[in-house]
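Data first, discussion second: the structure below is written as structure tokens.
Keep in mind that this is a model prediction, so the values were computed, not measured. Below, all heavy atoms of this structure are taken into account, side chains as well, without hydrogens, waters or symmetry copies.
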Amino acid sequence: NTSCLHADTWDSIGFLFQVAERALLFWRNEYLIGLIEENLEVILPIMFKALYQISKNHWNKSIVSLVYDVLKSFTKMNEPLFERMTASYKADVQKEQ
């Protein structure tokens, strides 16, 4: 039955959106922010590419807004590191094209 599949698909999308939104809301937790800041040299390289791509391509404005907040937090924590990661990402994209 295609209508059930269609409904299931939309349920899955809604669930994934909720998971993404809840995960991004962890960035409002001061304790978590402190831990991330202490380990930013390790964490930022792991997370940067995904967050940057989401900020440019995600369909949901709420998720994009939350990702921008996370990226802004990274910038405030260590702007030189953030700028290096941005330049490295852009160079990698140029190489792929």
Side-chain angles (χ1 to χ4, degrees):
N1 184 344
T2 57
S3 63
C4 284
L5 180 61
H6 187 344
D8 289 344
T9 300
W10 282 110
D11 287 346
S12 295
I13 290 169
F15 174 74
L16 293 174
F17 165 74
Q18 288 177 345
V19 170
E21 186 177 42
R22 297 260 179 350
L24 289 166
L25 289 174
F26 273 111
W27 288 87
R28 295 187 178 162
N29 180 299
E30 292 298 321
Y31 177 72
L32 182 62
I33 292 295
L35 292 174
I36 291 168
E37 193 166 10
E38 289 175 14
N39 299 285
L40 194 59
E41 296 277 339
V42 174
I43 293 171
L44 187 57
I46 294 168
M47 298 185 67
F48 184 84
K49 181 178 178 180
L51 291 171
Y52 191 87
Q53 289 174 339
I54 290 168
S55 75
K56 300 296 182 191
N57 300 317
H58 201 277
W59 59 270
N60 186 283
K61 291 178 184 178
S62 176
I63 296 296
V64 171
S65 177
L66 290 169
V67 167
Y68 275 129
D69 289 344
V70 171
L71 292 171
K72 189 167 42 171
S73 294
F74 280 147
T75 303
K76 288 179 183 176
M77 288 177 196
N78 188 331
E79 189 170 354
L81 176 60
F82 185 86
E83 294 300 326
R84 283 195 312 271
M85 294 302 307
T86 302
S88 175
Y89 175 79
K90 289 180 179 181
D92 289 346
V93 169
Q94 282 290 340
K95 286 179 192 174
E96 291 175 6
Q97 296 175 352

Return all side-chain donor-acceptor pairs below 3.5 angstrom for residues 37-54, not counting sequence neighbours, or 'none' if the list is empty.
from	atom 1	to	atom 2	distance (Å)
Asn39	ND2	Leu35	O	2.8
Gln53	NE2	Tyr89	OH	3.4

Sequence neighbours excluded and cut-off under 3.5 Å, please list the side-chain donor-acceptor pairs for residues 65-77, or say none.
from	atom 1	to	atom 2	distance (Å)
Tyr68	OH	Ser55	O	3.4
Ser73	OG	Asp69	O	3.1
Thr75	OG1	Leu71	O	3.0

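Rounded to the nearest 0.5 angstrom, Arg84 CZ and Thr86 OG1 are separated by 10.5 Å.
At a threshold of 4.5 Å between non-hydrogen side-chain atoms, the residues Pro80 and Asn78 count as touching. The shortest distance between side-chain heavy atoms of Trp27 and Ile33 falls below 4.5 Å.
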